[in-house]
Colleague: 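Just passing along the structure, written as structure tokens.
In what follows, residues are counted from 1 in the order of the sequence shown. Computed over heavy atoms, backbone and side chain alike; hydrogens, waters and symmetry mates excluded. These numbers were taken from a predicted model, which means no experiment stands behind them.
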Amino acid sequence: MPSYLVAVDVGTRSARAGVFDTSGRMLARAVAPLGLTEGPGPQAEYSSDQIWDAVCAASRAVVTQAGIAPDRVIGLAFDATCSLVLRDRDGAALSLGAPDRDPIAWFDHRALAEAAECTATGHRLIDHLGGAMSPEMQTPKLMWLKRHRPDAWARLGAARDLCDELTLRATGEPGASACARAAKWPYLPASGGWAEDFLAQVGLDDLRERADLPAKVVPVGAPAGRLTPQAARAMGLADGIPVASGMIDAYAGALGTVGLSPGASPGLMLITGTSNCIMAVTPDPLFAPGIWGPSRDTVLPGLWTSEGGQSAAGAALEWVLDAWPGPAPGQSYDHDAVLARIETVLAREGAALGQEIDVLPDFNGNRSPFSDAGLRGVIAGLSLDRGFDALCKLYWRTAVSVALGVRQIAEHLADAPSGTGTAPRSLAIAGGLARAPVLRQLFADVTGMKVLTSQAEDVVLSGTAIAAAVASGHYPDLATATPAMTTLARVLTPDPARHECYDRDFRIMLKMQDHRAEIAAMKARI
């Protein structure tokens with residue numbers, strides 16, 4: 001009888017579950033919304049209990065939709081955003097606001113000052129973060145907690161990545177994901193593990209004891225434990241199945257796409273969504289300013305992952321829709337309607353569509369290549385036109401600016417001292433922005449690279465299913481499972497004429513970045 005795998009992805013605003021067969025084909029997908037409390041200012045928090053409820057609801061729904069018997073599921077795996085879960089000494093939620101608000105969201109930027117202090121140490125760890133600590137990492141958030149909420153710090157009993165919280169709830173076994181530990185914590189697996197001297201420098205010498213950080217580090221694809229009867233009932237699965245070590249969501253997406261361009265130099269991977277992650281998986285460490293990593297063993301064993309990022313990608317497009325005044329009070333537009341209109345107008349106007357508008361999409365800071373969370377977006381060329389086509393032009397030019405940023409990061413990686421010196425030839429793309437054909441082609445036209453897409457509908461879930469397949473023992477290792485469960489669907493080639501137009505836009509973007517820096521310098525002198 002056939003066997004199946006369940007993969008669960010916890011994103012920014014929803015939990016998604018998928019049922020896969022062992023060839024990598026997804027039979028069903030279910031979504032459950034997440035509650036998110038934003039503010040004041042750059043703060044954002046979840047409820048870990050509500051996240052777990054959403055995970056269980058999505059799992060039960062997807063098993064029902066797939067029409068499979070729970071005892072045919074042989075493996076389970078989780079991926080999640082790098083949100084920080086905080087528990088007190090009794091194991092309950094360590095509240096930072098309302099009683100049930102314990103995880104700090106990945107995109108929370110409350111710890112900007114603490115991140116700058118980490119950068120100022122000049123520790124070798126910072127070289128593995130592109131030369132600057134991000135407020136989205138776990139260290140500055142914990143520094144903020146100790147400094148600004150000493151009452152909560154005194155009650156702290158555990159701190160862990162969200163993916164580790166999910167595997168703990170599923171198995172009852174404490175353990176740290178090798179993916180999350182190396183990517184988001186002061187942990188260097190190739191240099192002895194914990195950077196104890198760095199923790200002492202930033203005043204967190206008591207972190208490991210205070211936060212109950214487990215010594216056990218579980219590699220990608222290895223079992224973190226087995227599903228408990230209680231968790232099995234909640235998720236609609238059979239108890240005792242292996243649960244894989246968790247992964248950061250973007251890294252799960254990289255695992256689901258790395259097999260699309262096999263070879264010694266497989267090109268780049270773009271995992272799109274609320275934010276964008278541009279990933280390179282290489283045999284040798286690749287150091288570049290503004291690039292997170294290199295981190296070893298975070299996607300494939302023995303290989304190094306480097307991650308460029310855009311903190312606002314889909315979020316920038318969402319902001320455009322939400323901020324548009326519209327011709328009538330209360331009227332709103334959705335992405336599908338706007339993209340359908342853009343596709344129609346683009347066929348007539350080509351790359352010149354909306355060319356009077358130029359955008360820098362750094363509404364939530366610039367992750368790469370500048371490592372500056374304080375940067376903000378810029379829009380030039382707006383008129384008083386409130387019509388639908390005017391909205392479509394702004395939306396399109398914002399999407400163009402996101403693609404231009406991907407090109408800048410790709411060239412930045414190639415030009416790094418430890419880089420290849422030549423631009424990558426392919427970009428494997430997956431995620432929310434990859435679902436629209438017009439946007440997939442845009443990334444090809446702007447970057448000048450071939451764009452590879454997977455047959456998988458949801459590549460992040462697909463990568464998580466690959467981890468589950470290895471943890472279950474169905475495949476002996478990731479090197480075997482990845483090509484067996486990954487299928488190339490199509491290759492998009494760039495349009496030379498449009499690429500030439502976007503090349504002009506790229507030069508304009510660089511000039512706008514220079515002007516923004518000049519204005520900031522002028523303000524600093526006031």
Side-chain angles (χ1 to χ4, degrees), residues 4-21 24-36 46-83 85 100 102-103 105-106 161-171 177 224 227-239 241-253 255-256 271 273-274 314 430-432 435 456-469 471-472:
Y4 303 99
L5 307 156
V6 170
V8 179
D9 163 41
V10 178
T12 302
R13 296 187 180 275
S14 65
R16 296 170 285 276
V19 169
F20 291 79
D21 65 21
R25 181 175 65 94
M26 186 166 69
L27 280 68
R29 180 176 181 268
V31 180
L34 298 180
L36 175 63
Y46 293 104
S47 160
S48 57
D49 288 340
Q50 193 272 326
I51 290 174
W52 179 248
D53 288 344
V55 163
C56 293
S59 175
R60 293 193 304 270
V62 81
V63 170
T64 300
Q65 288 177 26
I68 62 171
D71 62 1
R72 300 312 305 166
V73 176
I74 61 171
L76 169 68
F78 300 96
D79 74 78
T81 64
C82 58
S83 300
V85 178
D100 61 345
D102 54 312
W106 68 268
D161 249 275
L162 179 54
C163 67
D164 289 335
E165 171 72 9
L166 297 174
T167 57
L168 176 62
R169 290 194 182 221
T171 67
S177 154
L227 193 64
T228 67
Q230 180 181 4
R233 287 192 297 271
M235 298 186 72
L237 299 171
D239 65 89
I241 63 174
V243 179
S245 176
M247 297 186 73
I248 302 298
D249 53 354
Y251 290 73
L255 184 61
I271 314 303
T274 301
R435 294 194 178 99
E457 177 187 344
D458 189 321
V459 175
V460 175
L461 281 176
S462 176
T464 305
I466 290 171
S472 74

Colleague: Could you report the tightest heavy-atom contact between Ala456 and Val459, atom names first, then the distance?
Modeller: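 In this case the closest contact between Ala456 and Val459 is O-CG2, 4.0 Å.
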Colleague: What pairs with Asp458 under salt bridge (Lys or Arg N to Asp or Glu O under 4.0 Å), at least two apart in sequence or on another chain?
Modeller: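 Partners of Asp458 under the salt bridge (Lys or Arg N to Asp or Glu O under 4.0 Å) test: Arg29, Arg435.
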Colleague: If you look at every heavy atom in Ala28 and Gln65, which pair is closest and at what distance?
Modeller: CB-CB, 3.9 Å
Colleague: Under a 3.5 Å distance rule, please check whether Thr64 uses its side chain to pair with a backbone N or O of Arg60 as donor and acceptor.
Modeller: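 Judged by distance alone, yes, a pair lies under 3.5 Å.
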Colleague: Out of the candidates Val6, Asp249, Val243, only one should pair with Phe78 under the side chain to side chain contact (heavy atoms under 4.5 Å, CB included) rule; please name it.
Modeller: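 Running side chain to side chain contact (heavy atoms under 4.5 Å, CB included) over Val6, Asp249, Val243 with Phe78 returns exactly one hit, Val243.
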Colleague: List the steps, then state whether salt bridge (charged side-chain N to carboxylate O under 4.0 Å, His left out) holds for Arg72 with Asp21.
Modeller: CA-CA 10 Å; Arg72 300 312 305 166; Asp21 65 21; over 6 Å; no
Colleague: Between Ile74 and Pro242, which heavy-atom pair has the shortest distance, and what is it?
Modeller: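 Answer, listing the atom of Ile74 first, then Pro242: O-CD, 3.2 Å.
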Colleague: For the OG1 atom of Thr228 and the CG atom of Leu168, what is their distance to the nearest 0.5 Å?
Modeller: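 Rounded to the nearest 0.5 Å, the OG1-CG separation comes to 10.0 Å.
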Colleague: Atom CE of Met235 and atom CG of Leu76: how far apart are they, to the nearest 0.5 Å?
Modeller: 4.5 Å
Colleague: Rounded to the nearest 0.5 Å, how far does CG of Asp79 lie from OG1 of Thr464?
Modeller: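 If I round to the nearest 0.5 Å, the distance is 3.5 Å.
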Colleague: Heavy atoms only: give me the nearest Thr167-Ala224 pair and the separation to one decimal.
Modeller: CB-CB, 4.4 Å
Colleague: With rounding to the nearest 0.5 Å, note down the distance linking CG in Leu461 to CG in Leu5.
Modeller: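 Output value for this atom pair is 12.0 Å.
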Colleague: Does Tyr46 reach the side chain of Leu36, with side-chain heavy atoms less than 4.5 Å apart?
Modeller: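 Side-chain contact under 4.5 Å: yes.
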Colleague: Keeping Gln50 on the side-chain end and Gly35 on the backbone end, is there a donor-acceptor pair under 3.5 Å?
Modeller: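 Present.
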Colleague: Between Leu27 and Ala66, what is the shortest heavy-atom contact and its length?
Modeller: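 The answer is CB-CB, 4.3 Å.
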Colleague: Can you name the one residue among Asp53, Leu162, Leu166, Asp102 that meets side chain to side chain contact (heavy atoms under 4.5 Å, CB included) with Ser48?
Modeller: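 For Ser48, the side chain to side chain contact (heavy atoms under 4.5 Å, CB included) check succeeds only for Asp102.
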Colleague: Please report the shortest heavy-atom distance between Ala61 and Ala30, naming the atom on each side.
Modeller: CB-CB, 3.8 Å
Colleague: Which residues pass the side chain to side chain donor-acceptor pair (under 3.5 Å) test with Thr171, sequence neighbours left out?
Modeller: none
Colleague: Using atom types as modelled, flag every donor-acceptor pair under 3.5 Å from a side chain in residues 7-19 to any protein atom, sequence neighbours excluded.
Modeller:
unit_1, atom_1, unit_2, atom_2, d
Asp9, OD2, Arg16, NE, 3.0
Asp9, OD2, Arg16, NH2, 2.7
Thr12, OG1, Trp106, NE1, 3.0
Arg13, NH2, Glu38, OE2, 2.9
Ser14, OG, Arg16, NH1, 2.5

Colleague: What's the separation between atom CE in Met247 and atom OG in Ser177, rounded to the nearest 0.5 Å?
Modeller: 7.0 Å
Colleague: Would you give the length of the straight line joining atom CG of Leu237 to atom CG of Asp239, rounded to the nearest 0.5 angstrom?
Modeller: 10.0 Å
